[in-house]
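So the structure is just underneath, and the comments pick up after that.
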Amino acid sequence: MERIDLNLLKLGEDLRERVRVVATEMFGVTLEQVSAEVPPRIELGDLAFPVAFELAKRIKQATGEKRAPRAIAEELRQALETTVGVARVEVAGAGYLNIFYDRARLLGSFAASSVEVESTPAGNVEDVSNRPKLIVEHTNINPNKAAHIGHLRNGVLGDTFVRILRAAGERVEVQNYIDDTGVQVADVVVGFMHIERMMLDDVRALDASLPPERPFDYYCWDLYARVGLFYRDGDPEGKENPEKLRLRGETLHAIEAASNPTAELAEYVATRVVNRHLDTMGRLGIRYDLLPRESEILRFMWQRAFDQLKASGAIRYESEGRNAGCWVMPMDTHTSTDEHEADKVIVRSNGTITYTGKDIGYQLWKLGQLDIKFTYRMFRDYPDGHIVWATTGEQMDGADARPTAPAFGGGQIVYNVIDSRQSYTQDVVRKGVAAVAPQIGEAASVHLGYEMVALSPAACEELGLELSVEDRARPFVEMSGRRGLGVKADDLVNRLEAGALRETESRHPELSEEEKQSTAHDIAVGALRYFLLKWTRNSVIAFDFKEALSFEGETGPYCQYAAVRANSIFRKLDDAALAEAVQTFQGDADQTETRRLLETEDGNELWSLVTLAARFDEAVAQAAAQAEPAHLAKYAFQLARAFNLFYHRHRIIGEEDAARRAALIVVAHIARQQLTTALATLGISVPARM
RNA sequence: GCCCCCGUAGCUCAGCGGAUAGAGCAUCUGCCUUCUAAGCAGAGGGCCGCUGGUUCGAGUCCAGCCGGGGGCACCA
């Protein structure tokens with residue numbers, strides 16, 4: 001990935017440090033932290049310190065002397081003005097210290113840097129192999145039916161966070177946990193065995209006969225909804241029939257026991273559906289390093305985790321009361337009531353392990369706190385050589401020529417991308433881990449929670465769902481796999497691609513079929529990823545087709561379009577135009593021409609685009625620190641908007657004034673590089689034409 | 001009962017304790033002979049849920065209240 005060094009961040013830090021030093025020297029006040037801000041308008045400068053207000057207070061506290069903030073700011077002003085890269089400092093308002101950067105000087109160095117970067121091969125990124133490893137776990141879809149938009153939010157959020165961490169220079173491993181032995185898989189197996197009367201060979205044959213528009217995971221989607229009805233004897237509002245529920249229990253036991261026809265069918269279903277999920281996510285550029293399977297976690301890991309939990313005193317055996325016969329973890333964050341026990345059951349009285357229990361074991365392993373060696377097999381590889389591995393119960397054949405799996409697990413921090421509704425369970429996991437491994441504590445486990453994707457009433461109607469009166473009055477309706485209510489991920493991507501293809505065909509009939517398809521695909525991915533990223537994590541998305549299928553306004557395609565426009569300028573310019581522009585800059589040693597250009601009102605506009613473009617690293621750092629990809633999405637949109645304004649105001653190719661033309665070329669180039677990088681970090685690529 | 005999240009323009013949402021609270025959509029008005037209008041410009045539209053508190057300064061922090069959502073399973 002191309003990265004320009006626009007080190008405004010460092011300049012800002014230098015200034016901050018200078019303020020701290022000067023405050024001590026001049027006023028004898030030690031400031032713990034100096035807050036800085038970007039002024040609301042470019043006319044007010046590039047950086048502002050409201051530090052004089054704080055100093056006035058501190059001086060008064062220390063000496064009783066009352067000093068006006070403006071006067072204090074005045075004194076600081078002179079000390080800051082001598083900093084390299086700073087043109088001037090002004091005191092404004094009640095005492096703001098506004099810093100104006102030396103535009104011509106900085107733009108000159110950005111220009112040089114932006115050209116160097118272009119000659120560096122893409123992908124030549126910093127070596128991160130000796131960084132501590134971070135693990136991000138995401139997607140985690142039950143392998144029993146097609147992925148829906150809620151799963152997409154998880155995958156896109158997780159994948160983008162991974163890209164953000166990597167852009168911030170971190171080493172990251174991506175895991176996608178596969179619950180191949182849970183109730184949800186068992187339900188679909190019940191459907192095949194007891195509704196369809198099929199066993200493994202029949203299901204295989206069925207799978208092979210399915211049309212491409214209704215693949216195996218789609219079939220399971222419908223079947224799963226039918227199983228829900230089956231348990232209730234066909235009445236959606238009815239009670240579950242205990243006879244039929246017993247089938248579920250038997251199936252679950254058979255799956256756990258392994259090596260029997262039911263378990264083989266379950267394994268087939270889970271593996272096929274996981275493959276479909278990887279296809280779906282792959283369409284959006286989402287990939288994984290490892291698929292840990294619950295079956296292996298149970299077989300090879302649980303006992304060790306259980307021993308450690310007992311030894312640490314994190315869990316205790318209940319010999320009486322409601323939880324008699326269970327191993328429980330006491331949770332003091334919740335209080336017992338008539339309806340709710342305060343303690344969380346980890347091992348049931350029948351000896352089986354709850355999901356939370358398994359999750360604690362898995363989390364301990366991810367954090368390198370369980371000395372377990374799994375065996376791995378190649379699950380899938382991609383054209384570029386990337387391999388997705390899966391845990392396996394089999395021993396590897398010694399003569400096997402396949403590449404050796406990397407050392408998985410052992411992360412310093414583990415981010416779990418999981419629906420906010422599971423925050424309580426995540427609390428339990430975090431506390432369990434901290435009890436077993438106090439040296440890493442709770443801070444090593446991060447729950448990257450997000451709110452659900454629900455359906456707008458309009459979306460429900462479009463899906464042919466009749467709504468109750470109260471549902472219609474609500475802002476959104478929750479999706480339900482059990483009711484088969486939801487928007488399948490592939491359906492949505494298909495619709496986006498079809499829409500983008502229509503537009504591309506009407507705009508660019510000259511393109512080849514293949515080019516049109518690939519453009520439409522890029523646009524569809526851009527639209528969908530941006531759509532899922534523009535909301536902050538704790539905002540419920542009320543999914544609406546019109547909004548999700550839009551390519552205008554605050555959307556991915558809007559951002560892509562800005563980058564495409566920028567690229568088209570350079571396509572029409574001579575190859576040497578950029579190098580010449582930089583040379584013009586360097587030839588103008590005193591930068592008098594550049595200075596003249598940038599200090600006008602017009603120059604304000606150019607300069608604000610440059611400083612915004614320069615803030616990419618800041619946006620990444622903020623998104624990483626707050627684990628909030630939406631910040632970066634908003635940044636990309638802002639940058640695209642600023643570029644579109646610039647594009648509208650200035651004609652580059654026809655510009656006669658050489659110095660001006662050079663400046664415009666350099667600004668456009670910096671903006672397109674930063675925008676392209678920002679979009680790539682969001683997993684959005686820029687097509688050649690739109 | 002307890003815990004968590006949310007309440008900002010007609011709608012959907014941004015907003016790090018700092019200057020005149022911003023986008024997109026929707027409505028209205030302009031702008032395509034141009035490096036592509038998937039665009040640009042402009043207009044209207046706000047007791048930032050309420051009441052107190054902390055602060056030089058509060059949409060942002062604290063407390064209480066009101067309204068909405070989610071959770072507190074021997075489900076996952």
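A, B, ... follow the sequence lines: proteins, then strands. Residue 1 opens every chain. Every heavy atom of this structure was used, including side-chain atoms; hydrogens, water molecules and symmetry mates were not.
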Stepwise side chain to side chain donor-acceptor pair (under 3.5 Å) test for A:Tyr450 and A:Asn154: CA-CA 8 Å; A:Tyr450 62 93; A:Asn154 186 303; 2.9 Å; yes
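Heavy atoms of A:Ser349 sit under 4.0 angstrom from at least one base atom. In this structure, A:Asn142 reaches the sugar-phosphate backbone alone: every heavy-atom distance under 4.0 Å involves primed, P, OP1 or OP2 atoms, never a base. In this structure, A:Gln622 reaches neither bases nor backbone, as no heavy-atom distance under 4.0 Å exists between it and the strands shown.
With B:A19, B:C13, B:C75 as the candidates, the nucleotide lying closest to the side chain of A:Ser539 is B:C13. Checking B:A14, B:A23, B:C74 against the side-chain heavy atoms of A:Lys634 singles out B:A14 as nearest. Distance from the side chain of A:Glu451 is smallest for B:C5 among the nucleotides B:U36, B:A76, B:C5. Nearest to the side chain of A:Trp535, among B:A76, B:U12, B:G71, sits B:U12.
Between A:Phe637 and A:Tyr530, the ring-plane angle classifies as tilted under the 30° and 60° cut-offs. Classification of the A:Tyr177-A:Tyr355 ring pair by plane angle, with boundaries at 30° and 60°, yields perpendicular.
Each of A:Lys344 and A:Lys358 has a nearest nucleotide on RNA chain B; the 5'-most of these lies closest to A:Lys344.
The phosphate of B:C6 has OP1 or OP2 within less than 4.0 Å of a side-chain N or O from A:Asn538. One finds a side-chain N or O of A:Arg348 lying less than 4.0 angstrom from the OP1 or OP2 phosphate oxygen of B:C75.
Taking the P atom of each, B:U12 and B:C75 are spaced 38 Å apart, rounded to whole Å.
Without hydrogens or angle criteria, A:His277 side chain to A:Lys145 main chain gives a donor-acceptor distance under 3.5 Å. Looking only at distances, no side-chain donor or acceptor of A:Asn140 sits under 3.5 Å from a matching main-chain atom of A:Asn176. No donor-acceptor pair closer than 3.5 Å links the side chain of A:Thr160 to the backbone N or O of A:Leu157.
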Base versus backbone protein contacts along nucleotides 37-42 of chain B [heavy-atom cut-off under 4.0 Å; B, S, -]: SBSSS-
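In this structure B:C32 sits in the syn conformation; its chi angle is within 90° of 0.
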